[in-house]
Amino acid sequence: MSKEKPKFAMYWAASCGGCEIAVLNIHEKILDVDANFDVAFWPVAMDAKYKDVEAMEDGAILLTLFNGGIRNDENEHIAKLLRQKSQILVAFGSCACEGCIPGLANFSPVNEITETAFSTISTDNPDGILPQTSYDMPEGKITIPTIYPTLRTLDQVVEVDYYMPGCPPESHQIAAVIDLVVQVLQGKAELPPKGATIGAGGSTVCDECERVRNEKKITSFRRIYDAPIDPELCLLEQGVPCNGIATRSGCNARCPSAGAQCIGCYGPAEGVEDYGARLIGAFASVIDSEDPEEIEAILDGIPDPAGQFYRFNLAGSLLKAAKPAWEKA
Amino acid sequence: MTQQITIDPITRLEGHGKIEIFLDDEGNVANTYFQIPELRGFERFCVGRPAEEMPLLTNRICGVCPEAHHMAAAKATDMVYHVDPPRTAKMLRELLYSAFYVTDHATHFYALAGPDFVMGPEAPVAERNILGVIHKVGLEIGGKVINARKAGHTVIEMIGGRKVHPCTSIPGGLTKGITKEQQKEILELGNWAVEFAQFSLKLFGDIVLGNKEYLDLIVGDIYTHKTYYMGMVDENNHVNFYDGKMRVVDPEGVEFVKYAPEDYTKHVAEHVEPWTYLKFPYLKNVGWKGFTDGKDSGVYCCTPLSRLNAADGMATPLAQEQYEKMYETLGGKPVHQRLATHWARLVELLYAAERWVELASDPEITSEDFHTVPTETPTEGVGIVEAPRGTLTHHYTTDERGVLTKVNLIVGTTNNYAPISMSINKAASSLIKKGTVVTEGLLNKVEMAFRAYDPCFGCATHSLPGKMPLQVTIRDAEGEPLDVLKQFC
């Protein structure tokens with residue numbers, strides 16, 4: 001091994017901080033990162049020097065884990081900078097991979113988002129004041145940044161080498177990826193092909209789920225709270241719209257194991273181009289009817305189809321955003 | 001004519017807190033503006049979603065305190081569906097929440113606030129961090145803090161199904177209960193947490209209270225504001241994090257109002273300024289009088305110290321002892337010195353650990369009766385919990401299918417936006433006189449002003465993670481930047 005350790009970076013753009021917590025939850029494994037890497041840039045853990053990154057040569061950082069979506073000019077600027085300075089750029093977590101819950105904002109034009117926030121029931125705003133990006137106070141001008149019209153995924157802004165899904169990625173998967181990278185550094189393993197999804201499985205959540213499965217035949221969808229849940233039986237078979245059937249494996253079916261439906265945070269299963277389209281097809285195929293009208297009536301039992309089918313991956317889907325959000329863009 | 005100073009982050013150009021300090025012709029502070037530059041829009045895009053998904057969706061507001069959003073959302077949806085969860089469900093939720101409080105308060109004290117006291121506010125930046133603390137007081141402490149995080153997350157995962165973004169709360173209770181074996185493990189961890197909390201209070205006593213300089217800093221005027229205080233209380237007016245009524249005391253400590261969560265709009269309103277993406281909540285029945293303290297100003301505060309000020313005591317014996325000791329040392333209630341918030345946080349840490357043990361010891365905690373099926377048509381509901389950083393309010397209105405038509409969120413840190421702005425103004429005004437800027441001290445002392453509130457502008461803007469890098473710009477009377485101070489925390 002060379003005298004100088006390879007450089008590691010981790011950055012959060014528009015994210016909730018849960019990815020960082022997930023990394024901290026690998027506990028003592030974090031020492032492996034420290035032993036094998038020079039942690040060059042990791043705002044949550046160390047006093048980061050942005051200018052130091054700027055001063056680096058292109059490709060000086062071996063591995064960058066980038067979490068969060070691209071919501072404003074600052075997010076975009078740092079995404080481009082880290083792309084330039086990193087040999088391997090990983091879209092880390094659901095926000096960077098596919099937009100996650102904040103991507104649901106792409107259903108609405110940005111002015112509606114601001115107007116809603118500034119007209120809620122507890123807001124005292126008779127004059128309809130909205131935040132101004134530049135405002136003249138008696139003492140002088142003060143400014144705040146412009147929010148982009150839609151939220152974008154990392155690979156809609158820069159080229160991405162690998163995708164690591166999950167909201168957040170499970171700690172055991174993070175540990176496994178660190179192990180792999182360490183082995184690559186020691187010449188004991190090879191990197192997966194560029195563009196691959198890492199830290200996850202190749203099948204669906206259903207394949208990891210221990211609930212009992214029979215032949216699925218649904219006559220109606222139900223809500224998770226509206227009757228007791230059988231602790232052993234497949235949730236979808238009970239009529240609960242569980243997304244496991246279209247969602248990538250890797251989490252050990254954590255939510256269904258705890259009696260809650262999979263909400264799809266690991267994104268589309270391997271080979272699925274559009275998550276929502278796959279899930280609609282999967283749900284339709286388990287409905288116990290041949291009659292299109294009846295099938296439609298049963299599907300109506302899902303109270304929020306847009307959210308159900310694109311809860312985590314609207315921004316990363318073929319759809320990307322609702323039409324009004326684009327038009328305003 | 002004024003000068004201007006800006007505090008903005010070095011690593012994140014715009015997505016963060018920004019402080020503008022304007023100087024007058026004399027070179028004294030004319031005004032300060034603390035701006036929050038982002039907004040994610042949960043109140044808009046949650047509309048159209050089913051109410052029962054809110055405990056899952058709003059988790060993603062903040063990965064540092066998803067448990068708080070999960071619980072506020074769970075309580076709001078209980079009310080939307082007019083369903084009262086069984087006793088076991090309520091206990092399990094509060095047990096998860098108590099374990100979360102232990103991890104969160106411990107992390108804040110040791111990693112964020114502790115360094116200022118243990119290392120001293122004037123210590124070099126390179127030493128003013130958790131590693132500095134460990135080097136000074138011993139490796140063993142680092143191990144204890146890691147254990148506290150592990151213990152808390154173990155309980156969160158057992159009850160909530162996941163370590164980050166729990167998934168088990170639904171209208172009417174939970175999707176699962178716990179086994180007797182799990183109860184035993186939770187209880188053991190809880191007993192350890194009580195010891196850890198006592199140890200933390202002792203450490204605070206030895207290092208901070210035992211040092212006259214620090215004590216003077218705590219009781220000094222620079223970090224003092226006389227405002228109203230808000231916190232949730234149980235039927236005995238003792239602090240509770242998960243359930244109860246909201247109590248507000250005036251700057252003299254006299255009860256101003258006590259109300260049920262669903263009545264919050266009668267008592268709290270949010271003021272709007274055009275230069276920031278965040279709103280300023282205030283007491284409606286006092287009124288918004290600007291960034292000023294005192295009895296005539298509706299500015300209120302909700303932090304650990306505020307909760308202790310607003311309550312008559314703690315519901316557990318060891319925490320009650322510490323509560324009494326704190327007020328005795330600081331000269332009675334209410335305490336207005338913001339730095340005492342760190343002490344109050346440790347009293348709460350001990351309460352949370354004791355409550356953890358209390359709940360885990362209840363024989364009904366392992367009952368299979370953890371869910372009541374809602375039977376009524378959903379309408380509207382308010383859920384309030386005390387997040388570590390302040391009162392957290394979720395308010396939903398739905399159609400008859402339980403699909404959301406309106407969402408209103410007032411999150412922990414937002415409550416304190418006005419008081420934090422005032423603390424920053426006061427700290428800056430006392431450190432900048434006639435243009436003489438104490439640059440090194442300034443940044444940290446301004447930071448200390450807001451760090452006491454443990455602000456999480458990730459929650460507040462529903463956008464950013466829990467840490468707050470800052471850039472301060474100081475501008476002269478012509479508006480030209482004199483100095484730019486940057487700090488990444």
Side-chain angles (χ1 to χ4, degrees), chain A residues 12 14-22 25 43-44 47-48 50 72-75 77 100-102 104-105 107-108 112-114 116-118 120-125 129 131-132 135 137 139-142 144-145 147 167-168 223-229 254-255 258-260 263 303-304 307, chain B residues 2 4 10-15 20 22 30-31 33 35 37 39-41 43-45 48-50 52 56-57 60-64 153 161-165 167-168 170-172 175-176 265 268-272 274-277 279 373-374 401 403 408 410 458 463 465-467 475 479 488:
Chain A
W12 49 17
S15 69
C16 73
C19 284
E20 309 283 343
I21 300 288
N25 281 348
V44 72
D47 188 11
Y50 175 66
N72 64 19
D73 49 357
E74 177 239 352
N75 302 150
H77 177 80
C100 194
I101 301 299
L104 289 171
F107 279 130
S108 314
E112 248 180 65
I113 287 170
T114 321
T116 303
F118 283 81
T120 67
I121 186 166
S122 54
T123 306
D124 170 23
N125 193 8
I129 293 169
Q132 307 294 311
Y135 199 79
M137 296 308 295
E139 299 86 3
K141 190 190 286 291
I142 50 179
I144 41 178
I147 298 169
C167 179
R223 312 276 280 270
I224 184 91
Y225 58 79
D226 65 8
I229 296 281
R254 205 162 276 284
C255 295
I263 57 174
D304 168 29
Chain B
T2 50
Q4 189 173 358
I10 183 162
T11 41
R12 301 183 58 172
L13 303 175
E14 290 182 307
E20 296 273 350
F22 289 91
N31 210 347
Y33 295 94
Q35 298 170 279
L39 175 83
R40 261 196 314 191
E43 284 157 330
R44 174 66 193 89
F45 68 68
R49 314 278 86 82
E52 71 269 23
L56 313 173
L57 300 178
R60 273 77 184 181
I61 289 173
C62 179
V64 179
H153 280 105
R162 305 164 49 123
K163 285 194 181 75
V164 182
H165 300 328
C167 64
T168 53
I170 54 173
T175 59
K176 68 183 276 291
T265 53
V268 172
E270 296 175 280
H271 172 75
V272 170
W275 43 266
T276 177
Y277 284 113
K279 296 177 279 187
V373 173
R401 302 178 80 199
V403 172
N408 189 35
I410 306 178
S463 75
K467 298 235 176 168
R475 294 183 196 269
F488 197 96

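All of these numbers come straight from a predicted model, not from anything done at the bench.
- Nearest heavy atom pair, residue A:A260 against residue B:C167, reads CB-O, 3.3 Å.
- Contact of A:I229 with chain B is not made at all, since no heavy-atom distance falls under 4.5 Å.
- Rounding to the nearest 0.5 angstrom, the gap separating the SG atom in A:C167 from the NE2 atom in B:H165 is 4.0 Å.
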Steps toward side-chain contact (heavy atoms from CB on, under 4.5 Å) verdict (A:D124, B:V272) | CA-CA 7 Å; A:D124 170 23; B:V272 170; over 6 Å; no

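- Among A:A105, A:G307, A:A22, the residue with the largest count of heavy-atom pairs under 4.5 Å with chain B is A:A105.
- A pairwise comparison of heavy atoms in B:Y277 and A:I144 identifies CE1-CD1, 3.7 Å as the closest pair.
- Only the backbone of A:A227 comes within contact range of chain B, judged by heavy atoms closer than 4.5 Å.
- For the pair A:Y135 and B:T276, the minimum side-chain heavy-atom distance is 4.5 Å or more.
- Annotation: side chain of A:Y225 is in contact with side chain of B:P374 (closest heavy-atom distance under 4.5 Å).
- There is no contact between A:C19 and chain B, counting heavy-atom distances below 4.5 Å.
- Most heavy-atom pairs under 4.5 Å with chain B, from the set A:D226, A:I263, A:I224, A:I21: that is A:I21.
- For the set B:L56, B:T168, B:N31, the count of heavy-atom pairs under 4.5 angstrom toward chain A peaks at B:N31.
- Atom CD1 of A:I121 is separated from atom CD of B:E270 by 11.0 Å, given to the nearest 0.5 angstrom.
- Residue contact with chain B, scored on non-hydrogen atoms closer than 4.5 Å, involves the side chain of A:S108 exclusively.
- The two residues A:A258 and B:T175 have their closest heavy-atom pair at O-OG1, 2.6 Å.
- Looking at A:R223, its side chain does come within 3.5 Å of a backbone N or O of B:R401 through a donor-acceptor pair.
- For the pair A:P168 and B:K163, the minimum side-chain heavy-atom distance is 4.5 Å or more.
- Within the 4.5 Å cutoff, the side chain of B:R49 has no heavy atoms near those of the A:P303 side chain.
- Distance CD1/B:I61 to CD1/A:I101: 10.5 Å, rounded to 0.5 Å.
- At least one side-chain heavy atom of A:M137 sits less than 4.5 Å from a side-chain heavy atom of B:Y33.
- In summary, of the residues considered (A:I113, A:T120, A:T114), a side chain to side chain contact (heavy atoms under 4.5 Å, CB included) with B:R44 occurs for A:I113 alone.
- Put simply, CZ on B:F22 and NZ on A:K141 are 10.5 Å apart, with the number rounded to the nearest 0.5 Å.
- Between the CD1 atom of B:I410 and the OG atom of A:S122 there is a distance of 3.5 Å, given to the nearest 0.5 Å.
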